[in-house]
Amino acid sequence: MSNTPEQQKKKIILSGIQPTGIFTLGNYLGAIKNWVTLQEEYNCCYMIADLHAITVRQETAALRSGILDAAALVLACGVDPEKSLVFLQSGVHTHAELSWILSCYTQFGELSRMTQFKDKSARHADNVNAGLFTYPVLMAADILVYQADLVPVGADQKQHLELARNIAERFNAVHGNTFTVPEPYIPKAGARIMSLADPTKKMSKSDTNVNGFISILDDKDTIIRKFRRAVTDSDACVRYGEGKDGINNLLTIYSTVTGKTIAEAEAEFDGKGYGDFKTAVGEAVADHLAPVRDNFSRIRADKDALLAITSSGAEKALSITERTMRKVYKKVGFIR
Ligand code: TRP
């Protein structure tokens, strides 16, 4: 990011993704594809949320390669390090530093009400660690330390963003204006991609049924096979409508990857069966993802070049966030 006056006026966007497995078509269409679009209009900071990942036990070697995979995937999808900052969260120490301070401005009761904490502590009952509990405070620090204006998040992170806003407002009320209060960014084409095996559930990379999700690195045959198995209904009419979660999901996917409207897609498959439609969706998705796969193998193969990008991103991120930290330390009363 250079510092021409024009770029200084641009709003700041921050978002992050956890490095826990190859992204799904859902992550791609719901988040990363928007990251790519947003970088034309905003100053974007995109991070691999490795600190968040260890709130659930990770195997060391798997985490290490997962972090490299995630960084390579973000770039492979089209995030351009010349336009946006791309970095590893753990490489920018101000995130963890601000997180501690903000935790003293966050109430136990607020964190107890977070639905993701309740869900995850039920799912990982043997490891309900303090980090899992304070996870949203770290997320608030990620956002506030950049003075971010906008945060693109999915529905599952809305409550955390709301908390970040409350923490910012509370700190500002005590110490005077310090943090920008971030707004959620709702993408124009809000694609919420559902599981192919159970279209009432969000597509997830942790789904135990591999037919439920498309990995963005799946090969063409696998993608088509998974779409051909997608759960639909017995209506046999390619139309968007109530009670047709499976077809609605496939239409959303098809329209997002081809750029056609839902109505255009419906017209295209008028009178055709689900079999033809599913194959067409599979082919469109496979064609759309082919360049991402190629980019990924190239970028992931050169670890030094990849780390040069994330280190340079981290260096710039550090200098931006240290400005906020100086302000915060002063307001709190710390002596530097
Ligand atoms: N918690 C987010 C997720 O799991 C990832 C994340 C971490 C994030 N810090 C963030 C997203 C800051 C937006 C802003 O999806």
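This is a predicted model, so every value here is computed, not measured. In each ligand, atom 1 is the first atom listed, and ligand 1 is the first ligand listed. Side chains are part of it too, since the values below use all heavy atoms of this structure and drop only hydrogens, waters and symmetry mates.
- Between Asn27 and Thr24, the side chains place a donor N or O and an acceptor N or O closer than 3.5 Å (distance only, hydrogens not considered).
- Two residues are said to be in side-chain contact when any heavy atoms from C-beta on lie closer than 4.5 Å; Ile22 and Lys205 fail this criterion.
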Just list the side-chain donor-acceptor pairs under 3.5 Å for residues 327-336, sequence neighbours left out, or say none.
residue: Lys327; atom: NZ; partner: Thr178; partner atom: O; Å: 3.3
residue: Tyr329; atom: OH; partner: Glu97; partner atom: OE1; Å: 3.2
residue: Lys331; atom: NZ; partner: His175; partner atom: O; Å: 3.4
residue: Lys331; atom: NZ; partner: Asn177; partner atom: O; Å: 3.3

Tabulation required: pairs of a nitrogen or oxygen in ligand 1 and a protein nitrogen or oxygen under 3.5 Å; columns are atom names and distance to 0.1 Å; otherwise 'none'.
residue: ligand 1; atom: 1 (N); partner: Tyr135; partner atom: OH; Å: 2.7
residue: ligand 1; atom: 1 (N); partner: Gln157; partner atom: OE1; Å: 3.2
residue: ligand 1; atom: 4 (O); partner: Gln18; partner atom: NE2; Å: 3.1
residue: ligand 1; atom: 4 (O); partner: Tyr135; partner atom: OH; Å: 3.1
residue: ligand 1; atom: 9 (N); partner: Asp142; partner atom: OD2; Å: 2.7

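- In this structure, Asn295 contributes its side chain and Leu75 its backbone to no donor-acceptor pair below 3.5 Å.
- Annotation: ring-ring contact (aromatic ring centres under 6.0 Å, His included) contacts involving residues 46-77, sequence neighbours excluded, comprise Trp35-Tyr46, His52-Tyr135.
- Counting only residues at least two apart or in different chains, ring-ring contact (aromatic ring centres under 6.0 Å, His included) contacts with residues 257-276 comprise Tyr254-Phe269, Phe269-Phe277.
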